[in-house]
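Take a look at the structure set out below.
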Number of protein chains: 2
Amino acid sequence: MPATIRDVASLAGVSVATVSRLVNRSGKVRDDTAARVQAAIEALGFRPSAVGRNLSTSQTRSLGVVIPSLTNPVFADAVAGINEEARARDYTLMFTATNYDRAEEQGIVDAFLAYRVDGLILTVADPDNSPVLDLLEREGVPYVLIYNQPNARGRPTVTVDNVAAGREAAEALVKLGHRRLGMVAGRFSASDRALARRDGFLTGARAAGCPDPLVLEVDFVDLNAEEALRPLYGRRGEAPSALFCSNDLLAMAVVGALGRLGLNVPDDVSVMGFDGLAIGTQLHPTLATIVQPSREMGRAATAQLLDRLSGEVPLRTVTLPHSLRLGESAGPAAKPSPTELRDSPAFENEET
Amino acid sequence: MPATIRDVASLAGVSVATVSRLVNRSGKVRDDTAARVQAAIEALGFRPSAVGRNLSTSQTRSLGVVIPSLTNPVFADAVAGINEEARARDYTLMFTATNYDRAEEQGIVDAFLAYRVDGLILTVADPDNSPVLDLLEREGVPYVLIYNQPNARGRPTVTVDNVAAGREAAEALVKLGHRRLGMVAGRFSASDRALARRDGFLTGARAAGCPDPLVLEVDFVDLNAEEALRPLYGRRGEAPSALFCSNDLLAMAVVGALGRLGLNVPDDVSVMGFDGLAIGTQLHPTLATIVQPSREMGRAATAQLLDRLSGEVPLRTVTLPHSLRLGESAGPAAKPSPTELRDSPAFENEET
DNA sequence: TTCATGAATGTAAACGGTTACATTTGTGAA
DNA sequence: TTCACAAATGTAACCGTTTACATTCATGAA
C-alpha cells in the first residue's frame, strides 16, 4: 500500500538507483534531478521501507534488549540509557522482559534472532551457564551483558564491582557502630549480582570481626517483608541492628516493614539498599544505598555494542564505578540494644 | 551468513516451496520428505528470516510502543502488560521512550513506520492536537492510546476515568474531615490525564463545599519537593491539611518532603497519590492512592490492537475501572489546626 | 492397462530496497 | 569540431521469503 521506490522513480522520471542515491546521500545527483525526485517523494509520502533495506543490506539497525523485569526501576533506568544511546545513533530497539524465566529467555532470543537484530543487550539469570548466550556465540551475533557478574567465559559485560560494593556496605555500617549485621536478599538463583553482593558483604563483616551476618532470602516478586522480618525482630535478643538489602526496592519495603513492626529507622535499625534509585533520595528517611550508574551502564553497553558493529572493535568487560550514598536510613548504632523494644505495642500480637 | 531456505531445500533435495510449507504448516508434505527437510533444517541451524518473510507477506508481526518515560514505574507496568500479551500472541515489540519531548515523538514514529510495524500503542502529550496521530491516521496504521484521555477525535484509548477518580479522591479526603485541600501535580502541558484528575478533584472539592483547593504545579522530572512545599507549610495559616498528588511517585516525594519539614503524615497532613504502584503498599505509612490497572491497561490495549489486526474489528475507547486504596498516608483531619506546628524546629531556618 | 483425480511437489514471480557495473551526458582541452 | 574524462544516471541482479500456478506422482476405478 505505501509508495515504493519504484513509484517515486517513475513519477520523477528517473531510475530507482537515482532515488536511492538521493535518499541515502550515497552518490551524486544533479540539483534539478534532486528537486524533481524530492517533489515526487513528498507527493507520494514515500517512506523507505526498512524491511526492503534490511533484506538487501543484511543488517537491520536494530538491537534486542532482554531484561528480567521492568517492574524494578533499576532495569527501567538501564533501558532508558540504552534507548538514549540507540536513538542517538539511529538504531531501533526490540524489547522484552523475561520475568526471570529461562524458557522465556530462550524464546525471546529466538525471536530476536529471526528478526536479525544486529546485536543484543541482556541480563541473564546465570551467565556461566546460559544456553542463550551459547547460542549467540554460535551464531556469531554480538552481545553485551549488563548487571551480570564478570564470568568465567569472559563474556562481555558492563557492570559494577558488586563484591567490593557489598564489602563497602558492610564497612560503612560497621563504621556507624553496628556489629550485628544482617542481609535481606531476593532469590540468589535468579541473580548472580545479589550473590556477589552477599559475598562481599560477608567478607566485609568478617574482616571487621563481626559475627557472621544473618542472611534472609526472600521472594522478591511476591514480597511480604513484614512477615519475613517478624520472626527476627519479634524475639528478644540478637536481631541485627543494621540490614543490607540486595536492592533498593527491597530496602524500601524493609524500611516500611520495620516501621510497621514498631521499629524506627535508623534509630532502632539501620537499612542500606543497593541501586541508587532516584526515589530513594525523596523518601523520609532518605535511603542509604550503594549507587550504581544504571543509565550510564545502559549507555555504555550500547555504545560498546554499536562501536563493535561499525568497526571491528572487540567487546570487553567494563566495570563502572559505584558509590556509597549515605542516606538517613543508616545511622549510628543505638547504645541501648534494640531488643528492649520488645515491649512495644507493635508486638502485642506476636504469639498469634 | 545464516542458512537460507534455499540452502535447506538443496540439502534436502526439495524445492523451497516444500520447505516453506513445512516450516509454516501451510500445506501438506509427505512424512518422509518432512523428515528429510527437518534433518536439513537442523543440520544447517536454519532459522527463517523474519526480514524475508516480512517483505513477502507485508506484515511484520511487530508492534511499536511509545511512552513518555520508563522512569515512572506506572509506564513500566503498562509495558509489562503489553509485553505479556504480545508475547502470548507471538508478536514482537519495538520500543522507545520520548522523555515527554514532542520532537522525539515524531522521530520515533517515523522510525517505527519505516520498520513497518503492524500497529502502535502509545501515550502522547496531547491527543487532541497530535501531528503524530494525524500521521498514523493518514497512513492507515492502527494504534491504541493508553493513559491518554478520551478525546475529541474519538481516538481509540484504553484508560480510566480520571475525572471521576479525581473527584473520588476529593470526596475521600473530605470524608476524613479535611476541608482545606491541595493538589500537587506535574506539568499539565505534558499530561492530559493530570489535568483531568485536577478537574475532577476541583469539582469534588466544590461539590463538598470546600474552598477551592490550591494547585501546585511542579517540575516532575527534576523535582525538589521540599522546596516546593516549604512556602506552603512554612507560613502560618491556611496550608492544606490534605494533598492529592497527580501520581504516586510525586506522592512519595511529597510524603518524604513533609517528613523532612517536620510534619507527620497523616497526623498533620494527609497525602493521596494516583497510580497504585506496588511499592506504595510496602511503605510506612502505606500510600493512599487511586489504583489504576496499569498492567491490565497494557494488556487490553494490546489485545484490542491484535484483534483488530487479525479481523476487521473496529478499535474503540475502553475505560477500565479504577479503585480507591485508602492507605495510611491519608487519615482523619487533625482537630487542632496544623498551623500550630509553626513553631516546630523544622522551620527555624524559614527566613533564610 | 488407462484415466481421472487428488495429493505432493516444483517453478518463478513477487515483495522493496541497494549496488556493481554499464551507459549516457556534459565539460574543457586540443 | 573532436576527444578524453568525469559526472550523472540507468540496468538488472540480489537479499530471503511466500504463494499462485504448473507439474508430477500415486491411487483406485473403469
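Here the structure is a predicted model, which is why all the values come from computation and not from measurement. Below, chains carry the letters A, B, ... as their sequence lines are ordered, and counting in each starts from 1.
The two residues A:Leu305 and A:Gly119 have their closest heavy-atom pair at CD2-C, 3.9 Å.
For B:Asn148 and B:Thr157, the side-chain atoms include no donor-acceptor pair closer than 3.5 Å. In this structure, a donor-acceptor pair under 3.5 Å is absent between the side chains of A:Ser58 and A:Asn54. At a cut-off of 3.5 Å, with distance as the only test, a side-chain donor of A:Tyr143 or A:Arg155 sits close to an acceptor on the other residue. No hydrogens or angles considered: nothing links the side chains of B:Glu104 and B:Asn99 as a donor-acceptor pair under 3.5 Å.
Side-chain N/O atoms of B:Thr33 include one lying less than 4.0 angstrom from OP1 or OP2 on C:dT9.
In this structure, the separation between OH on A:Tyr91 and CZ on A:Arg61 is 4.5 Å, given to the nearest 0.5 Å. Rounding to the nearest 0.5 Å places CG of B:Leu22 at 7.0 Å from CZ of B:Arg25.
DNA chain D is contacted by B:Thr4, B:Ile5, B:Arg6 of residues 3-13 of chain B, taking any non-hydrogen atom closer than 4.0 Å. Of the residues in residues 35-52 of chain B, B:Phe46, B:Arg47, B:Pro48, B:Ser49, B:Gly52 come within less than 4.0 Å of DNA chain D through at least one heavy atom, sorted by number.
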Strictly under 3.5 Å: I want the nitrogen or oxygen pairs between protein and nucleotides 19-27 of chain D, one per line.
none

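Within the structure, side chain to side chain donor-acceptor pair (under 3.5 Å) pairs that include any residue of residues 106-122 of chain B comprise A:Arg47-B:Asp110, B:Thr60-B:Asp118 (at least two apart or interchain).
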Could you list the donor-acceptor pairs under 3.5 angstrom formed between side-chain atoms of residues 123-133 of chain B and any protein atom two or more places apart in sequence or on another chain?
from: B:Thr123; atom 1: OG1; to: B:Ile146; atom 2: O; distance (Å): 2.7
from: B:Asp126; atom 1: OD1; to: B:Asp128; atom 2: N; distance (Å): 3.0
from: B:Asp128; atom 1: OD1; to: B:Ala152; atom 2: N; distance (Å): 2.9
from: B:Ser130; atom 1: OG; to: B:Leu133; atom 2: N; distance (Å): 3.2

Can I get a per-line list of side-chain donor-acceptor pairs under 3.5 Å for residues 63-78 of chain A, giving both atom names and the distance, sequence neighbours left out?
from: A:Ser69; atom 1: OG; to: A:Thr71; atom 2: N; distance (Å): 2.9
from: A:Asn72; atom 1: OD1; to: A:Val74; atom 2: N; distance (Å): 3.0

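In terms of modelled atom types and a separation under 3.5 Å, the side chain of A:Thr57 and the main chain of A:Arg53 share a donor-acceptor contact.
Toward the 5' end of DNA chain C, the nearer of the two residues B:Lys28 and B:Leu55, judged by each one's closest nucleotide, is B:Lys28.
Rounding to whole angstrom units, CG of residue A:Leu22 and P of C:dT19 are separated by 15 Å. A:Arg53 has its CZ atom 18 Å from the P atom of D:dG16, to the nearest Å. In this structure, CG of A:Asn54 is placed 12 Å from C1' of C:dT18, rounded to the nearest angstrom. When the P atom of C:dG26 is taken as reference, atom CG of A:Asp31 falls 15 Å away, rounded to whole Å.
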